[in-house]
A.B. asks: 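First the structure, which I've put down as structure tokens, then a few questions once you've had a look.
Throughout, protein chains are lettered first and strands after them, A, B, ... in sequence-line order, and every chain is numbered starting at 1.
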Amino acid sequence: GQNIDQPTEMTATEGAIVQINCTYQTSGFNGLFWYQQHAGEAPTFLSYNVLDGLEEKGRFSSFLSRSKGYSYLLLKELQMKDSASYLCAVRDESGAGSYQLTFGKGTKLSVIP
Amino acid sequence: DVKVTQSSRYLVKRTGEKVFLECVQDMDHENMFWYRQDPGLGLRLIYFSYDVKMKEKGDIPEGYSVSREKKERFSLILESASTNQTSMYLCASSLGSHQPQHFGDGTRLSIL
């Protein structure tokens, strides 16, 4: 089975940096995704990590440590439009060679002026 | 851009009805998925499919079935709708298992 934990809510100030953590426990880890979901909208893909280390993509970076079962999403130079839920999703083997994503409950980030 | 289209944004049905939710993608993706999203529970996988006429159960398949007769279309069926199936339903597709999933806009289903 899967166990994915991330904080329920966070608040940060416009222009600041925020780090959203995700810890997971899984038997057949095969990659970790981060998605952004604005209220009332579909999730959109932000980043993918399968090897240890940092992946940088503009203002957003994602880090993975497989040995610690830990990832974080780092958002720099926060803007008001970054107010959204951030979903951590772990990909693992579900059996018979197929894979599925299991999502955390999401972290609701509020950016304040 | 990948386009995943769900047939309805809002749907209201009655208990015991058979409900069909349709999803179509236009990028020739192999993989398609159905999730439901509930407050405090997050996104949970109902069923997924890696090929035409192929399906696999996700974490919460009870009360649901699926159909994938054509590569671009993946249907979710509620055999006999119940009030606990009131939820936001999201369809997604991906090119391969290592590729990100692209989501439709969702169907907010209410069962009365």
Side-chain angles (χ1 to χ4, degrees), chain A residues 1-9 20 22-24 26-51 55 57 60 62 64 73 84-108, chain B residues 1-6 8-10 21 23-25 27 29-51 54-61 66 68 74 87-108:
Chain A
Q2 288 266 22
N3 189 25
I4 302 172
D5 288 316
Q6 48 181 134
T8 305
E9 293 186 34
I20 302 174
C22 172
T23 58
Y24 63 88
T26 179
S27 54
F29 177 83
N30 210 284
L32 187 144
F33 293 83
W34 283 97
Y35 284 82
Q36 179 190 60
Q37 185 177 25
H38 286 100
E41 297 182 12
T44 55
F45 167 72
L46 287 178
S47 69
Y48 173 58
N49 295 71
V50 65
L51 300 176
E55 294 282 340
K57 195 184 287 187
F60 293 6
S62 57
L64 176 67
L73 181 69
S85 288
Y86 291 86
L87 314 179
C88 171
V90 173
R91 178 177 174 273
D92 78 343
E93 186 170 351
S94 59
S98 64
Y99 297 87
Q100 68 177 64
L101 280 188
T102 300
F103 284 81
K105 293 180 172 61
T107 299
K108 185 178 180 181
Chain B
D1 273 356
V2 177
K3 184 69 175 176
V4 180
T5 303
Q6 295 185 229
S8 306
R9 285 303 303 271
Y10 301 94
L21 301 184
C23 176
V24 177
Q25 50 92 5
M27 287 301 292
H29 283 178
E30 300 290 334
N31 311 312
M32 296 189 74
F33 309 84
W34 274 107
Y35 296 88
R36 62 179 284 178
Q37 187 172 31
D38 301 287
L41 296 177
L43 273 162
R44 293 179 292 167
L45 181 65
I46 305 171
Y47 267 97
F48 60 107
S49 169
Y50 284 101
D51 202 353
M54 176 271 178
K55 62 185 178 184
E56 282 201 39
K57 293 179 180 179
D59 297 319
I60 51 164
V66 290
R68 191 153 182 215
F74 193 35
S87 186
M88 170 67 85
Y89 289 86
L90 288 160
C91 174
S93 72
S94 70
L95 181 60
S97 57
H98 282 279
Q99 302 298 318
Q101 294 182 17
H102 300 268
F103 286 83
D105 288 334
T107 296
R108 188 166 291 283

A.B. asks: For the residue pair Phe48(B) and Gln100(A), what are the closest heavy atoms and their distance?
C.D. replies: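 Heavy atoms of Phe48(B) and Gln100(A) come nearest at CE2-OE1, 3.7 Å.
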A.B. asks: Heavy-atom distances under 4.5 Å only: say whether Gln6(B) touches chain A with side chain, backbone, both or neither.
C.D. replies: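 For Gln6(B), there is no contact with chain A at all, as no heavy atom is under 4.5 Å.
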A.B. asks: Out of Pro43(A), Gly31(A), Gly40(A), Ser85(A), return the one with the most heavy atom pairs under 4.5 angstrom to chain B.
C.D. replies: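 Heavy-atom pair counts peak at Pro43(A).
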A.B. asks: For Leu90(B), is it the side chain, the backbone, both, or neither that has a heavy atom closer than 4.5 Å to a heavy atom of chain A?
C.D. replies: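 Looking at Leu90(B), just its side chain touches chain A.
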A.B. asks: Check Phe103(B) against Ala42(A) and note the closest heavy-atom contact, atom names and distance.
C.D. replies: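 Reported closest heavy-atom pair: CB-CB, 3.9 Å.
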A.B. asks: If you round to the nearest 0.5 Å, how far is CD of Glu41(A) from CG of Asp105(B)?
C.D. replies: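 Nearest 0.5 Å value for the CG-CD distance: 8.0 Å.
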A.B. asks: What pairs with Asn30(A) under side chain to side chain donor-acceptor pair (under 3.5 Å), at least two apart in sequence or on another chain?
C.D. replies: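 Result, side chain to side chain donor-acceptor pair (under 3.5 Å) vs Asn30(A): Arg91(A).
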A.B. asks: Give me the atom names and distance for the closest heavy-atom approach of Phe33(A) to Pro100(B).
C.D. replies: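 Looking at all heavy atoms of both residues, the shortest contact is CE2-CA, 3.6 Å.
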A.B. asks: Heavy atom to heavy atom, less than 4.5 Å: which residues from residues 31-40 of chain B reach chain A?
C.D. replies: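 Counting heavy atoms that sit under 4.5 Å from chain A, the residues of residues 31-40 of chain B involved are Tyr35(B), Gln37(B), Gly40(B).
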A.B. asks: Quick one: side chain to side chain donor-acceptor pair (under 3.5 Å) partners of Tyr47(B), sequence neighbours excluded?
C.D. replies: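 Testing Tyr47(B) for side chain to side chain donor-acceptor pair (under 3.5 Å), a comparison that skips the adjacent residues, returns none.
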A.B. asks: Could you report the tightest heavy-atom contact between His98(B) and Tyr48(A), atom names first, then the distance?
C.D. replies: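 Where His98(B) meets Tyr48(A) most closely, the heavy atoms are ND1-OH, 3.0 Å.
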A.B. asks: Give, for atom OG1 of Thr102(A) and atom CZ of Arg44(B), the distance between the pair rounded to the nearest 0.5 Å.
C.D. replies: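 Here the interatomic distance stands at 12.0 Å.
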A.B. asks: Using salt bridge (charged side-chain N to carboxylate O under 4.0 Å, His left out) as the criterion, list what pairs up with Glu30(B), not counting sequence neighbours.
C.D. replies: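 Glu30(B): salt bridge (charged side-chain N to carboxylate O under 4.0 Å, His left out) contacts with Lys71(B).
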